[in-house]
Amino acid sequence: MSEQERNTLSDPNRLQTIRHSASHVMADAVASIFPETKLGIGPSTEDGFYYDFELSRSLTPEDLPVIEEKMRAIVAADVPFARREITREEARREFAEQPYKLELIDDLEDQETVSLYQHDGFVDLCRGPHVERTGEIGPFKLLSIAGAYWRGDERRPMLQRIYGTAFETQEGLDKFLHNLAEAERRDHRRLGRELDLFSIQEEAGPGLVLWHPKGSMVRKTIEDFWKEEHLRRGYDIVYTPHIFKAGLWKTSGHWEMYRENLFSPMDVDGQEYIVKPMNCPGHILMYKTRLHSYRELPIRWAELGTVYRYERSGVLHGLARVRGFTQDDAHIFCRHEQIEEEIVDVLGLARFMLRSFGFDEYQIMLSTRPDKYAGTIDKWEQATDMLEKALQRLGLVYEVDPGEGVFYGPKIDIKLQDALGRAWQGPTIQVDFNLPERFDVTYIGEDGREHPVAMIHRTVLGSMERFLACLIEHYAGAFPLWLAPVQGVVIPIADRHLDYAYRLASEIRSAGYRVQVDSRSERMNLKIREAQLQKVPYMLVVGDKEAESDTASVRLRSGEDQGKLSLEEVKSMMASDIRAFEHRARS
RNA sequence: GCCCACAUAGCUCAGCCGGUAGAGCACGCCCUUGGUAAGGGCGAGGUCACCAGUUCGAAUCUGGUUGUGGGCUCCA
């Protein structure tokens, strides 16, 4: 392969190198505009690059074009990038005015030398590599300004970060910008309002969701499906209260380990109560109402449990990050030797659920012991081991996420990928030896003695809120027929067709479909347009011809005209539409 | 919580340098009964997020509060 060929190929390292070089050029530009600039770090990222700066004043969006202009000049000058190696002492002198760089130099492993990259007059501490010359940096664009803590530590100073991206080709950049626009078009907050699915209002409180009838319909459909599948797979459905006495949360360890997420206690008759942040203690108390034989295990209790967690104001985001949400939770009480089998089953259920909702791509993470944890290291290792074994047994590829577990146990997280390839937190499976111990949860073994029970916490969708956010964006609001809140709209052409329209609608409705009649005295064109914008799967146009022949002219959301179909044909078309989705999941 | 930006009618937005608000869509009424993505007319609707301050006068300037957006930290 020739040198030229190598450079034109879409090599991921090449792209990274370009972006990293672009970040240097950006830093150069910023430093030349703001002479007092203190440099942080400037790496390439998955879809671009950034650089962190400490500046004499705050950046505004108007600064970006100016910086970009400067960058273009540097790229056009096509100056070479030069690597230099110097000793740490020399580096300390070179960056004497750069406190953040000095800190980085001090933190380098005991290497004798450090490498520098220089282009034009700009020198940066950097491992490299870089492109040969600035002219090799392809089309780029600065995207946004953000605050970022130095080294991601909220106790350290906040620097100003500029995000940008660069590509090898103009098409690459265009595609990226197009994707950004597409993501905006699919934004569940926008679609939530446009499709009248839900709202979050200042008056009600940040992070608290009001589910409008249409959003509730989607949610109900998901919940019904979820419950049925759980019953089929040996779960029992339970309900528990929204508040519990504070003592329960002290026993569970939440009071100690999960304090920053708890809402303040409320006083009820002189007793402290706390809104539940999790469902587990309720299930544990229920389990403990009587003795359980090993013969009963595993016991699988599922609850669509609404929990409340205090989330810092800056992290709230539409339905994806809220303060009150409903987990599709379940707790499995079992013997230790049953854990692996149960996890295998849960993974199977989780994969089934994801497929059912149209997600085929996902990524599995194994999160291990965090800094703040309950229980012994020994138990943690045991639990982690079991999760790992189950994953290996199913031959699933996974990554380890060190320190990301919950305080009471390690977990498997499944991140699903939506239509745009973005990852969403979905199913979570956690093994927990700690809560059973704290609450003294046991079963009676074959030997007639008490044994500690093992507990698995799991969700297979995550939460109704976040899952709906993901669904909306995945489908861009055009839900598959079985989930669509309104599955069909009957559109009478003139008022004299209303009777027939109502009759048709009620017959389809009695077959179990959600169909409405658009009875307004508006033109058919308008009704079609609105049904289309509302992403209604089936539009059933009825006029003189249809009323006479007992048919409906079927227009699909895709714009396809199916022609005149009889009532039976319409119903069977809808039925097969739904069946196709079911098969997809079970196959 | 932190950094930056933003907050005008239900929605999307205009409102230059301070002189008490405007469009399109949506909504209501009327006319139109029309064959596959917006028929026409009239009308109603805003203490310009909230609270202070500067000023003869604030949607417009200043400060604070609340909320939202993009990030950081954190997470179902």
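In what follows, every chain begins at residue 1, and chains take the letters A, B, ... in the order their sequences are listed. These numbers come from a predicted model, not from an experiment.
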Across the strands shown, which category fits [X] at heavy-atom distances under 4.0 angstrom: base, sugar-phosphate, nothing?
| X | result |
| --- | --- |
| A/Lys527 | nothing |
| A/Ile528 | base |
| A/Asp495 | base |
| A/Glu546 | base |

Heavy-atom donor-acceptor pair, A/Glu530 side chain to A/Lys527 backbone, under 3.5 Å: no

- request: Please confirm whether the backbone N or O of A/Gly559 pairs with a side-chain atom of A/Gln532, one donor and one acceptor, at under 3.5 Å?
  value: no

Which nucleotide in [options] has an atom nearest any side-chain atom of [X]:
| X | options | value |
| --- | --- | --- |
| A/Glu522 | B/U12, B/U32, B/G39 | B/G39 |
| A/Tyr149 | B/G71, B/U36, B/G1 | B/G1 |
| A/Glu154 | B/U32, B/G35, B/U73 | B/U73 |

[atom1] gap between [N] and [M], integer Å:
| N | M | atom1 | answer |
| --- | --- | --- | --- |
| B/U66 | B/C51 | C1' | 10 Å |
| B/C30 | B/U36 | P | 28 Å |
| B/G64 | B/A5 | P | 12 Å |
| B/C4 | B/G45 | C1' | 35 Å |
| B/U8 | B/G69 | P | 14 Å |
| B/U60 | B/A7 | C1' | 14 Å |
| B/A38 | B/C31 | P | 24 Å |

Polar pair under 3.5 Å, donor/acceptor by atom type, side chain A/Ser313, base B/G67: no

query: According to the Watson-Crick and G-U wobble definitions, with both distances under 3.5 Å, which nucleotide is paired to B/U55?
result: none

- prompt: Would you call the rings of A/Phe167 and A/Phe176 parallel, tilted or perpendicular, where under 30° means parallel and over 60° means perpendicular?
  reply: tilted

message: If only side-chain N and O atoms count, and only distance matters, is there a donor-acceptor pair under 3.5 Å linking A/Tyr373 with A/Asn434?
response: no

query: Side-chain donor-acceptor pair under 3.5 Å between A/Ser58 and A/Gln160, yes or no?
result: no

message: Under 6.0 Å from the ring centre and within 45 degrees of the ring axis: does the NZ or CZ of A/Arg219 meet both conditions for the six-membered ring of A/Phe467?
response: no

Shorter than 3.5 Å, N or O on both sides, protein versus nucleotides 74-76 of chain B: list them out with atom names.
{"unit_1": "B/C74", "atom_1": "O2", "unit_2": "A/Arg321", "atom_2": "NH1", "d": "2.9"}
{"unit_1": "B/C74", "atom_1": "O2", "unit_2": "A/Arg321", "atom_2": "NH2", "d": "2.3"}
{"unit_1": "B/C74", "atom_1": "N3", "unit_2": "A/Arg321", "atom_2": "NH1", "d": "2.9"}
{"unit_1": "B/C75", "atom_1": "O2", "unit_2": "A/Arg321", "atom_2": "NE", "d": "3.4"}
{"unit_1": "B/C75", "atom_1": "O2", "unit_2": "A/Arg466", "atom_2": "NH2", "d": "2.7"}
{"unit_1": "B/A76", "atom_1": "OP2", "unit_2": "A/Lys411", "atom_2": "NZ", "d": "3.0"}
{"unit_1": "B/A76", "atom_1": "O3'", "unit_2": "A/Gln425", "atom_2": "OE1", "d": "3.4"}
{"unit_1": "B/A76", "atom_1": "N6", "unit_2": "A/Glu311", "atom_2": "OE2", "d": "3.4"}
{"unit_1": "B/A76", "atom_1": "N6", "unit_2": "A/Val322", "atom_2": "N", "d": "3.3"}
{"unit_1": "B/A76", "atom_1": "N6", "unit_2": "A/Val322", "atom_2": "O", "d": "2.7"}
{"unit_1": "B/A76", "atom_1": "N1", "unit_2": "A/Val322", "atom_2": "N", "d": "3.3"}
{"unit_1": "B/A76", "atom_1": "N3", "unit_2": "A/Ser463", "atom_2": "OG", "d": "3.1"}

- prompt: Does some side-chain heavy atom of A/Tyr149 sit less than 4.5 Å from a side-chain heavy atom of A/Leu159?
  reply: no

Between [X] and [N], is there a contact of a side-chain N or O with OP1 or OP2 at under 4.0 Å?
| X | N | result |
| --- | --- | --- |
| A/Tyr163 | B/C72 | yes |
| A/Arg523 | B/G35 | no |
| A/Arg190 | B/C11 | no |

- request: Could you grab the distance from atom CD1 of A/Ile364 to atom CG of A/Leu347, nearest 0.5 Å is fine?
  value: 6.5 Å

